[in-house]
Amino acid sequence: MMIPARTKYRKQQRGRMRGLSKGGKYLAFGTYGLQAMECCWMTANQIESARKVITRTVKRLGKMWIRVFPDKPVSKKPLETRMGKGKGAPEFWVAVVKPGRVLFELEGVPEDIAIESLTQAGFKLPIRTQVIGGRQ
């Protein structure tokens, strides 16, 4: 599972998810990519499950890049705890994904296999995605 090695601060504020992705909208490394069409907090587990699907369907062909990293801690207070006494402990890590962000890229894979594997990976994610690149 992906988590940062170290951070400057243990806890962060939640922030807003308005607007389009500021960067990472275009293919930078591969020929095919999986692009987000909605905004969300994507957990490290969701990214990992999509990565497993891609590597399983591609079967050692080509190269894959993961273009998102979960660097935002999400804190939670324990269940049935009264209000107050500070913010809860960091529970899990998320990547803030906005529309237009390229999540995964593939290169050196036949087009039909690449499209199929990226489509299957999109089913594992909590948002609508689209496959970009190739002859499009």
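Only a predicted model underlies this, so the values are computations on that prediction, with no experimental measurement involved. The first residue of the sequence shown is numbered 1, and numbering continues consecutively from there.
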Looking at [X], I'd like to know if its [atom1] atom is crowded, meaning that more than 12 non-hydrogen atoms belonging to other residues, nucleotides or ligands lie closer than 6.0 Å.
{"X": "Lys87", "atom1": "NZ", "result": "yes"}
{"X": "Phe69", "atom1": "CZ", "result": "yes"}
{"X": "Lys72", "atom1": "NZ", "result": "yes"}

Residues forming a salt bridge (Lys or Arg N to Asp or Glu O under 4.0 Å) with Glu116, sequence neighbours excluded: none
Positive for side chain to side chain contact (heavy atoms under 4.5 Å, CB included) with Cys40, one of Leu125, Ile127, Val96: Ile127
Does the [X] side chain pair with the main chain of [Y], one donor and one acceptor, at a distance under 3.5 Å?
{"X": "Lys11", "Y": "Pro73", "answer": "no"}
{"X": "Lys63", "Y": "Gly30", "answer": "no"}
{"X": "Arg101", "Y": "Arg67", "answer": "yes"}

I need the minimum non-hydrogen distance between [X] and [Y], along with the two atoms involved.
{"X": "Ala114", "Y": "Val109", "answer": "N-CG1, 3.8 Å"}
{"X": "Val53", "Y": "Ser117", "answer": "CG1-O, 4.3 Å"}
{"X": "Lys98", "Y": "Leu20", "answer": "CD-O, 3.7 Å"}
{"X": "Gly19", "Y": "Pro99", "answer": "O-CD, 3.5 Å"}
{"X": "Gly122", "Y": "Thr129", "answer": "CA-OG1, 3.6 Å"}
{"X": "Phe104", "Y": "Ile47", "answer": "CZ-O, 3.8 Å"}

Let me confirm one number: the [atom1]-[atom2] distance from [X] to [Y], rounded to the nearest 0.5 Å.
{"X": "Ile113", "Y": "Tyr32", "atom1": "CD1", "atom2": "OH", "answer": "10.5 Å"}
{"X": "Lys77", "Y": "Met83", "atom1": "NZ", "atom2": "CE", "answer": "7.0 Å"}
{"X": "Gln130", "Y": "Thr119", "atom1": "CD", "atom2": "OG1", "answer": "11.0 Å"}
{"X": "Glu48", "Y": "Lys124", "atom1": "CD", "atom2": "NZ", "answer": "11.5 Å"}
{"X": "Tyr26", "Y": "Ser21", "atom1": "OH", "atom2": "OG", "answer": "10.0 Å"}
{"X": "Ile3", "Y": "Asp71", "atom1": "CD1", "atom2": "CG", "answer": "12.0 Å"}

Using the rule that two of Ile, Leu, Val, Met, Phe, Trp, Tyr join whenever any of their side-chain heavy atoms come within less than 4.5 Å, decide whether [X] and [Y] are in one cluster.
{"X": "Val58", "Y": "Ile115", "answer": "yes"}
{"X": "Ile66", "Y": "Leu118", "answer": "yes"}
{"X": "Met17", "Y": "Val74", "answer": "yes"}
{"X": "Val97", "Y": "Met2", "answer": "yes"}

Validation row: Pro110, Leu61 side chains within 4.5 angstrom (heavy atoms): yes
From CA spacing to verdict: side-chain contact (heavy atoms from CB on, under 4.5 Å), Leu103, Met42: CA-CA 10 Å; Leu103 307 171; Met42 197 170 291; 4.0 Å; yes
Stepwise side-chain contact (heavy atoms from CB on, under 4.5 Å) check, Met64 with Arg51: CA-CA 9 Å; Met64 178 181 66; Arg51 183 199 66 79; 3.3 Å; yes
Carboxylate-amine/guanidinium contact Glu38 Arg128, below 4.0 Å: yes
Worked verdict on Trp65 versus Glu107 for side-chain contact (heavy atoms from CB on, under 4.5 Å): CA-CA 9 Å; Trp65 289 269; Glu107 184 181 45; 3.4 Å; yes
From CA spacing to verdict: side-chain contact (heavy atoms from CB on, under 4.5 Å), Val102, Leu27: CA-CA 7 Å; Val102 176; Leu27 293 175; 4.3 Å; yes
